[in-house]
Chemist: 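Below is one structure. I have some questions about it.
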Amino acid sequence: MNLTYPTAIILQAIEQGYRHGFDIMDVTGLPSGTVYPAVRRLEKEGLIVSQWESDEDAFANNRPARCYYEMNEFGADFLAECRARFRALPKLRPSQVRRSNA
């Protein structure tokens, strides 16, 4: 896996509890065309895992089902490498994003 700045920011967002695509896009400022291919690569590389919420939960919240991402120990180690390379990673402070509680 390449140590890229967008990858580092996405992993940092997941680590901080932003677990689905729209929250990750909002908190990082990255477009969907960057976030979704990156999370697919991160999952393929074994650094994060994903799980779809149930259709019932999505329906109860009047929205489409969400895919939630979670970092594993390999992702945490990779994020540490990213932080060593990109020492100036910004603190993520969304204006009005709520953390997902799934």
Side-chain angles (χ1 to χ4, degrees):
M1 177 101 229
N2 290 332
L3 287 170
T4 66
Y5 191 76
T7 299
I9 291 178
I10 290 166
L11 280 173
Q12 182 172 272
I14 294 169
E15 177 195 49
Q16 292 179 6
Y18 300 97
R19 299 186 50 218
H20 68 87
F22 287 127
D23 276 356
I24 295 168
M25 287 185 293
D26 199 19
V27 75
T28 63
L30 296 171
S32 63
T34 299
V35 170
Y36 288 110
V39 294
R40 283 192 293 272
R41 283 191 305 275
L42 290 167
E43 188 169 24
K44 183 178 177 184
E45 294 290 329
L47 304 175
I48 64 173
V49 294
S50 67
Q51 182 174 353
W52 283 92
E53 74 177 326
S54 71
D55 289 333
E56 293 81 21
D57 288 343
F59 184 77
N61 289 297
N62 199 29
R63 59 173 165 70
R66 292 177 175 172
C67 184
Y68 290 98
Y69 303 100
E70 188 172 328
M71 190 179 338
N72 59 30
E73 66 181 86
F74 302 113
D77 291 344
F78 190 78
L79 179 57
E81 291 178 38
C82 291
R83 285 183 171 139
R85 180 172 180 184
F86 303 111
R87 297 188 186 272
L89 277 176
K91 294 190 189 283
L92 301 176
R93 292 185 210 156
S95 56
Q96 296 180 357
V97 175
R98 291 185 351 220
R99 291 185 183 193
S100 303
N101 294 325

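What you see below is based on every heavy atom in this structure, not just the backbone, and it leaves out hydrogens, waters and symmetry mates.
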Chemist: Using every non-hydrogen atom in the two residues, find where Ile48 and Val39 come nearest and quote the distance to one decimal.
Modeler: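 That closest heavy-atom pairing would be CD1-O, 3.6 Å.
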Chemist: Determine whether Phe22 and Ile10 fall in the same hydrophobic cluster, where Ile, Leu, Val, Met, Phe, Trp and Tyr are linked whenever their side-chain heavy atoms lie under 4.5 Å apart.
Modeler: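 Yes: a chain of side-chain contacts under 4.5 Å links Phe22 to Ile10.
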Chemist: Minimum heavy-atom separation for Ala76 and Met71, please, with both atom names.
Modeler: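 So the minimum-distance heavy-atom pair works out to N-SD, 3.2 Å.
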Chemist: Could you pull out all residues at least two apart from Asn61 that satisfy side chain to side chain contact (heavy atoms under 4.5 Å, CB included)?
Modeler: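 Residues passing side chain to side chain contact (heavy atoms under 4.5 Å, CB included) with Asn61: Arg63.
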Chemist: How close do Thr34 and Pro6 get, heavy atom to heavy atom, and via which atoms?
Modeler: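 Looking at all heavy atoms of both residues, the shortest contact is CG2-CB, 4.0 Å.
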Chemist: Check whether Glu70 reaches the backbone of Val49 with its side chain - one donor and one acceptor, N or O, closer than 3.5 Å.
Modeler: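 Absent.
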Chemist: Mind jotting down which residue pairs meet the salt bridge (Lys or Arg N to Asp or Glu O under 4.0 Å) criterion with at least one end in residues 1-16? Sequence neighbours excluded, please.
Modeler: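 Those involving residues 1-16 are Glu15-Arg83.
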Chemist: Quick one: pull up CG in Asp23 and CE in Met25 and give me the separation to the nearest 0.5 Å.
Modeler: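 If we round to the nearest 0.5 Å, Asp23:CG and Met25:CE are 9.0 Å apart.
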Chemist: If you compare all heavy atoms of Ala8 against all heavy atoms of Leu79, which two are closest, and at what distance to 0.1 Å?
Modeler: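 For Ala8 and Leu79, the tightest heavy-atom pair comes out as O-CD1, 3.7 Å.
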Chemist: With sequence neighbours left out, what residues match Phe74 under ring pair (Phe, Tyr, Trp, His ring centres under 6.0 Å)?
Modeler: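 In terms of ring pair (Phe, Tyr, Trp, His ring centres under 6.0 Å), with neighbours along the sequence ignored, Phe74 is linked to no residue.
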Chemist: Compare every heavy atom of Ile9 with every heavy atom of Thr28, then report the nearest pair and how far apart it is.
Modeler: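 Thr28 and Ile9 have their closest heavy atoms at CG2-CG2, 3.2 Å.
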Chemist: Drop me the distance from Gln51's CD to Tyr68's OH, to the nearest 0.5 angstrom.
Modeler: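 Output value for this atom pair is 10.5 Å.
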Chemist: Return each pair, listed once, that meets salt bridge (Lys or Arg N to Asp or Glu O under 4.0 Å) where at least one residue sits in residues 37-50; pairs must be two or more places apart or across chains.
Modeler: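 Qualifying pairs, neighbours excluded: none.
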Chemist: Can you run down the salt bridge (Lys or Arg N to Asp or Glu O under 4.0 Å) pairs that involve residues 73-82, sequence neighbours left out, and say none if there aren't any?
Modeler: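 Residue pairs passing salt bridge (Lys or Arg N to Asp or Glu O under 4.0 Å), neighbours aside: none found.
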Chemist: Just jot down the side chain to side chain contact (heavy atoms under 4.5 Å, CB included) partners of Thr7, sequence neighbours excluded, or say none.
Modeler: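 So Thr7 forms a side chain to side chain contact (heavy atoms under 4.5 Å, CB included) with Thr4, Leu11, Leu42, Phe78.
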Chemist: If you measure from OG on Ser50 to CZ on Arg19, what distance do you get to the nearest 0.5 Å?
Modeler: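 So the OG of Ser50 and the CZ of Arg19 are separated by 10.5 Å.
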Chemist: Distance from Leu30 atom CG to Tyr5 atom OH, nearest 0.5 Å?
Modeler: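 Between atom CG of Leu30 and atom OH of Tyr5 there are 9.0 Å.
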Chemist: Can you name the side chain to side chain contact (heavy atoms under 4.5 Å, CB included) partners of Phe59, sequence neighbours left out?
Modeler: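 Checked Phe59 against side chain to side chain contact (heavy atoms under 4.5 Å, CB included); zero matches.
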Chemist: Taking all heavy atoms of Pro37 and all of Gly33, pick out the closest pair and write down the distance.
Modeler: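 So the two residues come closest at CG-O, 3.2 Å.
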Chemist: Is the backbone N or O of Ala65 less than 3.5 Å from a side-chain atom of Asp55, with the two atoms forming a donor-acceptor pair by type?
Modeler: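 No; zero donor-acceptor contacts below 3.5 Å.
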